[in-house]
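The analysis underlying the following values was restricted to heavy atoms, covering all of them including side chains, and did not include hydrogens, waters or symmetry mates.
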Amino acid sequence: MTTIEQYIRQHALERGESIAMTDGKESVTYGELWTRIEERAEWYSSLTEWGEIVAVRCRQTIDFLIDYFALHLCGAVAMPLEHDLPQERFDALSRRYAHYRAPEGVADVLFTTGTTGTAKGVMVSHRAILADCENLISRLGFRPDTTFIICGPLNHIGSLSKVHPVMQQGGTLYLLEGMKDMGAWYRAIEYGEGKVATFMVPASIRMLLGVGGERLSQYADRIDFIECGGAALPEADMRSLCRLLPRTRLYNTYASTETGIVCSYDYNVADAKSGCMGTVMPRSLLRIDADGRVICGGDTIMSGYADEPEMTSEVLCDGEIYTADQGWTDSEGMLHLSGRADDVINIGGYKVSPVEVEDAAYGWPQVKDCICVAEESDVWGTVLKLIVQPREGEVLDRRRLARHIAERLERYKVPMVYEETERIERTYNGKLNRKAYAGKK
């Protein structure tokens, strides 16, 4: 089979009464889902051309996913956008691609978060979607009886890429509107009779651990696996999850919109290593160049940036994606990330990855969230500043935090300046918004 829609059709024919999707209130079987997809595709066929990029507002609903699959079925390309995107911006993006037809085989145009520059429309092919499916199924173990909780935005690869293996395997999707309602999240955990799984960004995992994390241990035999992506999970959080869920598979995954799903690592089986992303998956390739840059290839990589050939050529060359990530591989072939090249801070000739500093700070119990940035000093030049959001009711002891970091890192990596804040800026999908702090004093 060459598309996810063909798998949905097969499940509708063979096990049409099985639940395909639910939001806790409404549920649809595979038979009902396929009927609605076909009806919606017929409607779209009268309005669109083959290869046309169609913008659709992304919501955590069954109806959105029907739109998404229907666009594929009628030969169009789905471009899911944030549901609260201003109408002017939505219309502008629709006009931007109105006369462009995507290359044959393209399924989606997904936008990167744009934290390090202008957001770009990444073309993802049906082939790449199925290759990602094979990677995830082989490494994480999606099965027909998997109930997978989607709590992240479906216009980003993190959560959207999990829809595909669930549909391919004939499992059940449980759709949630984010992590704001922890009661709803736990009700989703209790849904059905089999085991459940989910994907979360590090910020959501910190929220889960910080708000009644001990309750999680009650579901130690209920949760099959939790995958984390978007950024490396701090070691302190990994160890907390291992303690609470000793029999749950816990994964760190390396992926991006441009590269697809590349590596994953179960840190509940092996040691919880900060920055470790595991070994490369079957349909992907990975190498590190002489400058420490992570370069990815294989069937999961993007087809290019939509209508941006020059921008595409800057990162896609000879079938490989040249990422901005820095890393290395150990003797077992495991990828270890050391940060992004454009995030590295130069302190007196020493290069410091802010991720390493943040990871050390997360181990201090008063720290709820933090970000390490560069600050200019009239006396010392460029210095490290750690901006900290303390846990509720805590008064941050800056000297003890500095000593905590100094016990774990080289002296030049210990921040000189500490600042408290009520909130750390993050992007829509949970990543630290470093761009928001660039140039601030």
Side-chain angles (χ1 to χ4, degrees), residues 1-8 72 105-108 110 112 122-146 148-150 152 154 156-171 173 197-201 224-233 248-270 275-288 294-303 316 319-323 325 327 329 332-337 429:
M1 296 188 187
T2 57
T3 69
I4 289 298
E5 290 70 35
Q6 290 173 333
Y7 281 96
I8 296 174
H72 292 172
V106 170
D108 300 335
L110 304 178
T112 59
V122 178
M123 294 188 292
V124 180
S125 68
H126 288 285
R127 179 185 180 185
I129 286 173
L130 290 180
D132 282 334
C133 277
E134 185 175 326
N135 279 352
L136 289 165
I137 292 167
S138 65
R139 185 64 57 85
L140 274 65
F142 285 78
R143 303 175 359 166
D145 61 353
T146 297
F148 197 92
I149 301 170
I150 298 286
L154 288 169
H156 292 290
I157 188 173
S159 290
L160 183 59
S161 64
K162 308 311 176 295
V163 169
H164 304 136
V166 174
M167 292 292 97
Q168 183 179 1
Q169 289 290 293
L173 289 171
T198 192
F199 167 86
M200 292 182 176
V201 295
D224 188 17
F225 67 87
I226 297 177
E227 183 195 18
C228 180
L233 187 63
T248 296
R249 290 177 286 123
L250 302 171
Y251 294 98
N252 267 343
T253 296
Y254 178 66
S256 73
T257 317
E258 287 91 342
T259 64
I261 316 296
V262 180
C263 298
S264 199
Y265 167 66
D266 183 353
Y267 54 86
N268 211 358
V269 171
C276 183
M277 296 287 109
T279 55
V280 69
M281 294 177 172
R283 298 289 294 274
S284 299
L285 301 171
L286 182 142
R287 66 184 179 91
I288 310 295
V294 178
I295 300 172
C296 301
D299 295 329
T300 62
I301 65 172
M302 71 173 182
S303 301
L316 178 57
E320 293 183 312
I321 298 290
Y322 285 69
T323 76
D325 295 315
T329 53
E332 297 178 333
M334 289 195 176
L335 171 66
H336 297 256
L337 294 181
N429 60 343

*For Thr257 and Thr112, what are the C-alpha separation, side-chain angles and deciding distance, and is it a side chain to side chain donor-acceptor pair (under 3.5 Å)?*
CA-CA 7 Å; Thr257 317; Thr112 59; over 6 Å; no

Working to the nearest 0.5 Å, report the span between [atom1] of [X] and [atom2] of [Y].
| X | Y | atom1 | atom2 | answer |
| --- | --- | --- | --- | --- |
| Thr279 | Arg139 | OG1 | CZ | 3.5 Å |
| Ile129 | Ile261 | CD1 | CD1 | 11.0 Å |
| Ser125 | Ile301 | OG | CD1 | 9.0 Å |
| Asn252 | Asn268 | CG | CG | 11.5 Å |
| Ser303 | Asp108 | OG | CG | 10.5 Å |
| Thr253 | Phe199 | OG1 | CZ | 7.5 Å |

*salt bridge (Lys or Arg N to Asp or Glu O under 4.0 Å) involving Glu5 - partner list, sequence neighbours excluded*: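 In terms of salt bridge (Lys or Arg N to Asp or Glu O under 4.0 Å), with neighbours along the sequence ignored, Glu5 is linked to no residue.
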
*Within the side chain of Ser138, is there an N or O that forms a donor-acceptor pair under 3.5 Å with the backbone of Glu134?*
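Checking the backbone N and O of Glu134 against the side chain of Ser138, a donor-acceptor pair under 3.5 Å is found.
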
*His336 side chain vs Gly275 backbone, donor-acceptor pair below 3.5 Å*: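 Judged by distance alone, no pair lies under 3.5 Å.
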
*Side chains of Thr146 and Asp224: is there a donor and an acceptor less than 3.5 Å apart?*
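No - no donor-acceptor pair under 3.5 Å links their side chains.
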
_Contacts of Tyr7 that satisfy side chain to side chain donor-acceptor pair (under 3.5 Å) - sequence neighbours left out_ =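 Partners of Tyr7 by the side chain to side chain donor-acceptor pair (under 3.5 Å) criterion, ordered by chain and then number, come out as Gln168.
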
*Begin from the C-alpha positions of Ile321 and Ser256 and carry the test side-chain contact (heavy atoms from CB on, under 4.5 Å) through to its verdict.*
CA-CA 10 Å; Ile321 298 290; Ser256 73; 5.8 Å; no

*Output, in order, the C-alpha distance, side-chain angles, deciding distance and verdict of side-chain contact (heavy atoms from CB on, under 4.5 Å) for Val280 and Thr329.*
CA-CA 10 Å; Val280 69; Thr329 53; over 6 Å; no

Specify the closest pair of heavy atoms between [X] and [Y], including all atoms of both residues, with the distance to one decimal.
| X | Y | result |
| --- | --- | --- |
| Ala131 | Thr300 | CB-CG2, 3.7 Å |
| Ile157 | Ser161 | O-OG, 2.6 Å |
| Leu136 | Phe142 | O-CD1, 3.7 Å |

*Between Leu160, Thr198, Val166, Val163, which is the residue that forms a side chain to side chain contact (heavy atoms under 4.5 Å, CB included) with Ile150?*
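Going through the options one by one, the only one that passes is Val163.
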
*Identify the residue among Asp132, Leu140, Ile137 that makes a side chain to side chain contact (heavy atoms under 4.5 Å, CB included) with Met281.*
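With Met281 as partner, Asp132, Leu140, Ile137 yield a single side chain to side chain contact (heavy atoms under 4.5 Å, CB included), made by Leu140.
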
_Chi angles and distances behind the side-chain contact (heavy atoms from CB on, under 4.5 Å) call for Ile288, Leu335_ = CA-CA 9 Å; Ile288 310 295; Leu335 171 66; 4.0 Å; yes

*4.5 Å side-chain heavy-atom contact, Glu258 and Thr323*: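 No; the side chains remain at least 4.5 Å from each other.
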
*asked:* For Asp266, is there an ion pair with Arg249 - N to carboxylate O distance below 4.0 angstrom?
replied: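 So Arg249 does not pair with Asp266 through a salt bridge.
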
*Parallel, tilted or perpendicular: which describes the rings of Phe225 and Phe148, with under 30° parallel and over 60° perpendicular?*
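Taking Phe148 first and then Phe225, their aromatic rings sit tilted (interplane angle of 30° to 60°).
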
